Amino acid sequence: MEETITIRRPDDFHVHFREGGILSAVAPLTADHFNRALAMPNTTDPIRTGEDAVQYRDQIRKAARNELFEPLMTIKITDGTTPAVIVKAKECGVIAGKAYPVGVTTNAQEGVSDFKKLAPIFSMMQDVGMVLSLHGEISNRFVSVFKKEVKFLPTLKWLVDTFPTLKIVFEHVSTKEAVYEVSMMPDTVAATVTVHHLFLTTDDVLGSYILPHNFCKPIPKTAEDREVIRDAVIQGSGKFFFGSDSAPHVKMRKECGSGAAGIFSAPVVLASLAQFFDEHNHMERFEDFVSRFGAEFYGLPLNTETVALSKSKWVIPEEYDSIVPFMANEKLLWKVVKQ
Ligand code: NCD
Ligand code: ZN
């Protein structure tokens, strides 16, 4: 008999849906497996205000072609964000403000240059109950990509000390130092974990070959860092929950002289997480990681629908509409069978 598992339908707390043709191609793939997804605001023309977010939500809903699916909205916090923008965005249903240190990743040209100068914004987010979502890498170009996350930790500490009731998510955690720091901090602080940071190390990006489809920010680190991230997830503390950081770029933008950062993982994340928990003999922790901890942190009701997976092999397609997915052409041992 084939082994199957049915879990509460999950949420993905970090997704790049993009716009136009890419949005139409990728949104259904997330909506097939997830009930809700937190939509990142780093579109070409960023989502800066509540009005922008409402429009973008409608575009994502339409593109998802699935009535069950609910996009959760963010705005981008920049040097130009005002307290009034935060108040209005909250009224429009925006649940998080995403802060990218200027220039650290795709479409972060317009970002935060000095976190301390934005104290009134974080204070207003704390007052209205909007989550601060952080891309935790410093933008100093003299600091290597391997150190940018660790060097951001003092800023995280400053935020936690200065805004004690502000909820903060340290996105796509990639180092053991950041895992330790988040674990020790109060329950107002949590971290998202991606599938690729559970699976990859730096060598999978630039070991024997340059593998552009594994290139992302923050760059996957050492096997030791990966082990600490894996342990945090397997221990099931509630402070570490799922956010895929699925970040599609068309093949041409990845396989070229200056390839963009971002891994497109939406179609494979749920199955690969089942495989991860199975391989580590902790299948009982899978559901909380994908379907409970994130919703509880954000204060959202748990989904009531279910999704089923079975232990049956499939080969991941080479491309989805000119976008190469994570683990393309590789075999996965688990498969989503009932959406
Ligand atoms: C993301 C993207 O492409 O938008 N890229 C990435 O490497 N993760 C942006 C981000 O989350 O850093
Ligand atoms: Zn991201």
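Order of appearance sets the numbers: ligands from 1, and atoms from 1 within every ligand. Only a predicted model underlies this, so the values are computations on that prediction, with no experimental measurement involved.
- With salt bridges taken as basic N to acidic carboxylate O contacts below 4.0 Å, one links Glu319 and Lys251.
- Residues of the protein with a heavy atom under 4.0 Å from ligand 1 are His14, His16, Arg18, Asn42, Thr105, Thr106, His135, His172, Cys216, Lys217, Asp245, Ala247, His249, Ala261, Gly262, listed by chain and number.
- Counting heavy atoms from C-beta on, the side chains of Val26 and Arg18 never come closer than 4.5 Å.
- Side-chain contact between Met327 and Phe199 is present, with heavy atoms from C-beta onward closer than 4.5 Å.
- Phe297 carries Lys167 over the face of its six-membered ring, with the cationic atom under 6.0 Å from the centre and within 45° of the normal.
- Distance alone, capped at 3.5 Å, places no donor-acceptor pair between the Lys338 side chain and the Leu309 backbone.
- Note on Asp245: its N/O/S atom closest to the Zn ion (ligand 2) is OD1.
- If you run side-chain contact (heavy atoms from CB on, under 4.5 Å) between Asn214 and each of Thr202, Thr201, Asp204, only Asp204 comes through.
- With the Zn ion (ligand 2) as the vertex, atom NE2 of His16 and atom NE2 of His14 span an angle of 110° (nearest 10 degrees).
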**Study point:** Chi angles and distances behind the side chain to side chain contact (heavy atoms under 4.5 Å, CB included) call for Leu270, Phe286
**Key:** CA-CA 10 Å; Leu270 198 58; Phe286 177 35; 3.9 Å; yes

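- Note on His172: not counted as a metal contact of the Zn ion (ligand 2), no N/O/S atom lying under 2.8 Å.
- Among the backbone and side-chain atoms of His135, none of the N, O or S atoms lies under 2.8 Å from the Zn ion (ligand 2).
- Residues Val131 and Phe163 do not share a hydrophobic cluster, defined by chaining ILVMFWY side chains whose heavy atoms lie under 4.5 Å apart.
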